[in-house]
Structures are given as structure tokens and as C-alpha cells.
Amino acid sequence: MHYVRIGKRALNLDSIAYCEVQAWQDEMSVKVYFAGSANNTPLVFGEGEAKELWKYLEYIAEKPV
């Protein structure tokens, strides 16, 4: 399992189905959808946490395996 701590939350990156980024002028939010979630309601991160999470996800995506 791969956990990352963002703000007061800890996310299991293995359970994420996909992420959706919404950026307006100088603000952004990240919606995280989890696999196996019955109602598939996204977890939404606001400004500071969204930037931190997205920066980490981009780092992981570019990291060679």
C-alpha cells in the first residue's frame, strides 16, 4: 500500500481510480475518485492541499519505475 499525507488526511494511492483537476485563474481544486466506492462521491481538496497533492502526483507519474 502506498499512503501519502496531505494536510490532515492520509490517502491510499492504490485505491484511487482517477483524479480530476479544476483550475480557475489562480485557484485550483482536485477531485479524487476511489475505486470500489459504492456511491463514487469524490473527495475534494481545496487550494493549498490541492496544489500539494497535484505536485506529488505529477512527481510520482514522472518517476521512472
Side-chain angles (χ1 to χ4, degrees):
M1 288 198 217
H2 186 152
Y3 286 95
V4 62
R5 185 164 182 79
I6 302 295
K8 295 181 178 181
R9 301 176 185 147
L11 294 175
N12 180 0
L13 296 182
D14 296 333
S15 66
I16 294 177
Y18 69 96
C19 294
E20 183 178 301
V21 175
Q22 296 177 344
W24 300 275
Q25 296 174 357
D26 58 347
E27 295 182 17
M28 85 184 286
S29 67
V30 176
K31 291 182 181 180
V32 179
Y33 293 88
F34 294 96
S37 180
N39 60 1
N40 209 12
T41 303
L43 176 61
V44 180
F45 288 93
E47 182 64 30
E49 294 175 339
K51 286 182 179 178
E52 187 178 345
L53 175 61
W54 195 249
K55 188 185 305 182
Y56 183 75
L57 291 175
E58 285 181 331
Y59 168 75
I60 293 297
E62 294 175 0
K63 187 177 174 182
V65 179

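Predicted model, so just to flag it, every value in this text is computed and none were measured.
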In a table with atom names and distances, give each donor-acceptor pair under 3.5 Å that connects a side chain of residues 6-19 to protein atoms at least two apart or in another chain.
{"from": "Asn12", "atom 1": "OD1", "to": "Asp14", "atom 2": "N", "distance (Å)": "3.1"}
{"from": "Asp14", "atom 1": "OD2", "to": "His2", "atom 2": "N", "distance (Å)": "3.2"}
{"from": "Ser15", "atom 1": "OG", "to": "Asn12", "atom 2": "O", "distance (Å)": "2.9"}

Gap between atom CZ of Phe45 and atom CG of Leu43 - 0.5 Å precision: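 The CZ atom of Phe45 is 4.5 Å from CG of Leu43, to the nearest 0.5 Å.
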Interatomic distance, Lys55 atom NZ to Ile60 atom CD1 [nearest 0.5 angstrom]: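 Answer rounded to 0.5 Å: 14.0 Å.
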Non-neighbouring partners of [X] that pass side chain to side chain donor-acceptor pair (under 3.5 Å), sequence neighbours left out:
| X | answer |
| --- | --- |
| Glu58 | Trp54 |
| Glu20 | Gln22 |
| Glu52 | none |

Where at least one partner belongs to residues 23-32, residue pairs that pass side-chain hydrogen bond (donor to acceptor under 3.5 Å, both in side chains), sequence neighbours excluded: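 Residue pairs with at least one partner in residues 23-32: there are none.
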Single-linkage hydrophobic cluster Val4~Tyr33, side-chain heavy atoms < 4.5 angstrom: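 As far as the 4.5 Å side-chain criterion goes, Tyr33 and Val4 are not connected within one cluster.
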Steps toward side-chain contact (heavy atoms from CB on, under 4.5 Å) verdict (Leu57, Tyr59): CA-CA 5 Å; Leu57 291 175; Tyr59 168 75; over 6 Å; no
Shared-cluster residues of Val44, by chain and number - hydrophobic side chains joined below 4.5 Å: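 Joined to Val44, directly or through intermediates: none.
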